[in-house]
Amino acid sequence: MNGKSITIIIGGGIAAYKSLELIRLFKKAGAGVRAVLTSSGAEFVTPLSISALTGEPVYQNLFDLDDEANMGHIQLSRSADLVIVAPATADLMAKMAHGLANDLATTVLLATDAPVLIAPAMNVRMWEHAATQRNLSALEADGIGRIGPDEGDMACGEFGFGRMAEPDVIFSAAQTALGAPGPLTGKHILMTSGPTHEPIDPVRYIANRSSGRQGAAIAAALVKRGARVSYITGPVTVPTPKGIDEIRVETAKQMFDAVKAALPADAAIFAAAVADWRVDCAGDTKLKKEKGALPSFSFCENPDILASISALPKAERPALVVGFAAETDNVLQNARTKKIRKNCDWLLANDVSGDVMGGANNQITVLSDKGEDPWPIMDKKDVATRLVKQLTEALTNS
Ligand code: CTP
C-alpha cells in the first residue's frame, strides 16, 4: 500500500463509523487517503473525525469553491489508484448503475478511471429488492468490485444480508485490487501504439488515422493480468491506461529508439501504425507559400521496428513477437507475405477497409505457426482480451 492513493467515498449509513477504522488501516499501511463524504454520510460521521485520520481536508461539495481550488473533482478521481465506496447505500448504487453525477461522490465515481470497489450496507429487504439486485448486476457488468454485504443482526433490528463487510476484509480486498499477482506478474511486455507524426517543417506533419484505441485496450488487458507494460505511443487522445509505463514519441525514429531502450522484454506487441516514410531533410523553419510554385518533397524510409526486433539474436529477442497487418484489400494474402517479411511469431491481420481506423471494432485473423485463426468482428476491448489470453497461455506454457 506504500505510496498508493485511495479515495474513499463515505455514504449515509450506520456502518459509516466502520469506515473510520478502514481509513486507519490504510494510513497504517502507508497509503494516502482522501475522503469524500456525502450529505447523508455526514449525518453519521463528522468531517472532523475523518480529517483527523486522513490528515487531509474532507471533500463534501461539488460546487464548493474551497474544495475545487484545493483539489478539483476531476483530480480527486484521477489521482486515485483505487476508489472505495464504503458504505455503499442502495441510493449510491442506484446512482452509480445509472451514471448519475449530481453530487461530488457520484461525479468522482463517473470521472474515475481507477478500479472501484463497493462495500454495500443497507437493510436486508432493500438489499434483496429486485431494483438493488438489478443495479448490482449492472455495476458488476461494468467491472466494479464488491465486498459483502455480510449476514447478521442489523442496526434496524432485522437479521439477514446487509451488514457492511468488516474493515479488515475490505482492506485485504483493496490490497488484492491494487496489486494482486496475476498470470503475467513478473513478465515485461513492450508494446507500440497509435500513429507516428513525420514532420514536414516545424508546423506541418504527415500522419495517419490510427486512434491508438486498440493499443490502449491491449495495454489495459495486460496490466489487469499483472504484466509490467512499457507502452510506447505516438500522439493520441485516448486516455492512457492506468498502471503502465508510458513513453510518448512523435516520429518512427523516436519510436524505434524507445523500443530498443525498453528491451529486454518477454513479449512485444507492435500495434502502432508507423509511417513507412519520412520527409527527407524536413525544414527547420516554416515552408512559405510562393506564388505559382508547388512544393515537392523527397522521402526516405523509416526503420521497420517490428522486422528489426524480430530479427534480433535469440538472447535479445522477446520470446513472442506480435505484429498487426493493416490491410484494405487482399487482406489474407498481403498478411501472409507480411508475416514472412517481418518474421514475427503472430501476425494479426486487420481489415481496415471500413471505419476500423478510429472506430470501435476490429476484424482479425491471427496468422501463426499453428495456421490461420479467423476471429469474428469484435469490439477492440474484446480483441484485446482474447489476444492477451492467448499471449498469457503462450508465455506461461513455454
Ligand atoms: N511496423 C513497424 N515499423 C514500421 C512499419 C510497420 O513496426 N516502420 C509494424 C506495425 O506496427 C505493424 C506491422 O509492422 O505491427 C505491419 O504494419 P503495416 O502498416 O500493416 O505494414 P507496413 O510494413 O507499413 O507495410 P505496407 O504499408 O506495405 O502495408
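Indexing begins at 1, ligand by ligand and atom by atom, following the structure's order. When reading the values below, keep in mind they use all heavy atoms of this one structure, side chains included, and skip hydrogens, waters and symmetry mates.
Remark: distances from the non-hydrogen atoms of N302 to ligand 1 are all 4.0 Å or more. Under a 4.0 Å heavy-atom criterion, K338 is in contact with ligand 1.
Counting heavy atoms from C-beta outward, M122 and D91 have side chains that stay 4.5 Å or more apart. Here the side chains of F256 and V249 are not in contact, with every heavy-atom distance at 4.5 Å or above. Looking at heavy atoms from C-beta onward, M126 lies out of side-chain contact with M93 at the 4.5 angstrom threshold.
If you check each of W277, F324, F270 against atom 13 (C) of ligand 1, the one with the closest non-hydrogen atom is F324. Taking only non-hydrogen atoms, the option from L306, V321, T196 nearest to atom 9 (C) of ligand 1 is L306. When A271, A252, P303, A275 are checked for heavy-atom proximity to atom 8 (N) of ligand 1, P303 turns out nearest.
Ring geometry, F26 versus F171: the interplanar angle falls from 30° to 60°, so the pair is classed tilted.
With hydrogens and angles left out, the side-chain atoms of D351 and S353 include a donor and acceptor closer than 3.5 Å.
Numbered from 1 in the order shown, with element, the atoms of ligand 1 that lie under 4.0 Å from a heavy atom of A272 read 10 (C), 11 (O). Applying the 4.0 Å criterion to heavy atoms of G323 picks out, from ligand 1, the atoms 15 (O).
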